[in-house]
Amino acid sequence: MLLEITLIGLISGVIGTSIGGIISTVFRKNVNRYLSFCMGISGGIMLAVVVFDLLKESMSEVGVFNTIIFVFIGAIATMLIKNRLEVKSDLNSGYLIFLSILLHNLPEGLAIGSSFIATENLGLALAVVIGIHNIPEGLAMALSLVGSKMSTVKVILLTIIAGIPMGIGSFLGAYFADMCTSLIGVFLAIAAGTMMYVVLEEIFPTTKSMYSIIGFLVGILIVSYI
């Protein structure tokens with residue numbers, strides 16, 4: 001079971017980001033329009049998963065108060081990571097997005113792994129929606145790297161690498177949640193905090209167009225009907 005969960009998490013991460021990288025080779029024109037729409041979908045998916053699934057399941061596992069505390073911890077940890085990355089001014093936006101995806105795919109993997117231990121259906125649903133969410137993230141990263149004149153092969157390779165931590169996180173989440181069921185709610189709450197911060201601090205402020213609103217609504221519909 002651990003191997004299956006790890007593979008599902010790995011596939012969810014790698015396929016999502018790599019599809020985004022492949023799509024970037026097609027969407028070289030009207031980049032801002034496509035990027036705003038895709039990032040809107042990403043934001044809609046992430047917030048819908050947080051509200052409809054992660055918070056609800058975490059509250060049932062560890063209670064409302066503890067859920068709020070660990071959501072806040074997840075958001076603070078993500079903020080500190082982002083601030084550390086911003087110090088490296090020699091890196092362009094594509095590399096920053098790459099590092100950001102690498103780092104926050106780990107707690108998302110934790111959420112997938114621990115969700116499988118909670119209920120298999122929740123784990124599968126989370127793997128699917130996070131995989132879909134990784135497509136616009138991979139696209140955003142790839143478009144930025146393409147803009148810096150990086151070769152297409154290297155761009156796609158980096159998008160694949162960015163998804164690998166999700167497999168690692170899925171293994172760790174399932175392993176520790178299976179050993180101690182009280183950690184399930186903790187991992188889900190931390191993942192919710194991470195995803196909330198990414199959406200509210202990074203995705204929404206950079207997508208100020210009607211395309212992002214349409215994408216946001218599409219993202220919510222995707223989660224609602226999966």
Side-chain angles (χ1 to χ4, degrees), residues 1-21 42 45-50 52-55 57-58 61-62 67 70-71 73-82 85 97-138 140-141 158-199 202-203 223 226:
M1 187 65 178
L2 269 179
L3 179 59
E4 291 178 6
I5 294 172
T6 302
L7 287 175
I8 290 172
L10 181 63
I11 291 170
S12 174
V14 169
I15 287 184
T17 52
S18 59
I19 287 176
S42 176
I45 287 174
M46 291 177 76
L47 280 188
V49 168
V50 167
F52 299 146
D53 294 314
L54 295 184
L55 291 181
E57 188 67 29
S58 179
E61 292 288 339
V62 296
T67 295
F70 286 109
V71 166
I73 289 173
I76 291 292
T78 308
M79 181 188 69
L80 293 175
I81 290 170
K82 179 175 179 289
L85 290 176
I97 297 173
F98 169 68
L99 291 173
S100 176
I101 293 173
L102 268 179
L103 292 169
H104 89 249
N105 268 353
L106 186 64
E108 286 182 357
L110 289 173
I112 291 173
S114 53
S115 295
F116 266 102
I117 301 302
T119 63
E120 186 173 339
N121 288 338
L122 176 59
L124 285 172
L126 200 58
V128 171
V129 296
I130 289 180
I132 295 172
H133 142 70
N134 278 349
I135 294 175
E137 278 196 349
M141 181 186 89
L158 286 177
T159 58
I160 292 173
I161 293 172
I164 292 176
M166 193 171 290
I168 299 172
S170 297
F171 171 80
L172 294 175
Y175 179 77
F176 287 108
D178 193 36
M179 288 181 59
C180 183
T181 54
S182 63
L183 290 177
I184 296 174
V186 172
F187 286 153
L188 296 179
I190 290 175
T194 297
M195 294 168 72
M196 285 174 64
Y197 182 87
V198 170
V199 172
E202 298 181 6
I203 293 178
V223 175
I226 286 181

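The structure presented is a predicted model; accordingly, all values stated were derived computationally and were not measured.
- The structure places CD1 of Ile117 at 11.0 Å from CD of Glu61, a figure rounded to the nearest 0.5 Å.
- Scanning for side chain to side chain contact (heavy atoms under 4.5 Å, CB included) contacts around Glu120 gives Phe116, Leu124, with sequence neighbours left out.
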Name every donor-acceptor pair, under 3.5 Å, that has one atom in a side chain of residues 5-13 and the other anywhere in the protein, sequence neighbours excluded.
from: Thr6; atom 1: OG1; to: Leu2; atom 2: O; distance (Å): 2.8
from: Ser12; atom 1: OG; to: Ala127; atom 2: O; distance (Å): 2.6
from: Ser12; atom 1: OG; to: Gly131; atom 2: N; distance (Å): 3.2

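- With sequence neighbours excluded, no residue satisfies side chain to side chain donor-acceptor pair (under 3.5 Å) with Ser114.
- The two residues Ala189 and Phe70 have their closest heavy-atom pair at CB-CB, 3.6 Å.
- Here the CG atom belonging to Leu106 is positioned 6.5 Å from the CG atom belonging to Leu172, to the nearest 0.5 angstrom.
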Task: Residue pair Leu110, Ile190: steps toward the side-chain contact (heavy atoms from CB on, under 4.5 Å) verdict - done: CA-CA 9 Å; Leu110 289 173; Ile190 290 175; over 6 Å; no
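- For the atom pair CG (Leu47) and CZ (Phe52), the distance works out to 9.5 Å, reported to the nearest 0.5 Å.
- The shortest heavy-atom contact between Leu55 and Thr67 is CD2-CG2, 3.9 Å.
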Please tabulate, for side-chain N and O atoms in residues 159-170, each donor-acceptor pair with protein atoms closer than 3.5 Å (sequence neighbours left out).
from: Thr159; atom 1: OG1; to: Ile156; atom 2: O; distance (Å): 2.5
from: Ser170; atom 1: OG; to: Gly109; atom 2: O; distance (Å): 3.4
from: Ser170; atom 1: OG; to: Met166; atom 2: O; distance (Å): 2.8

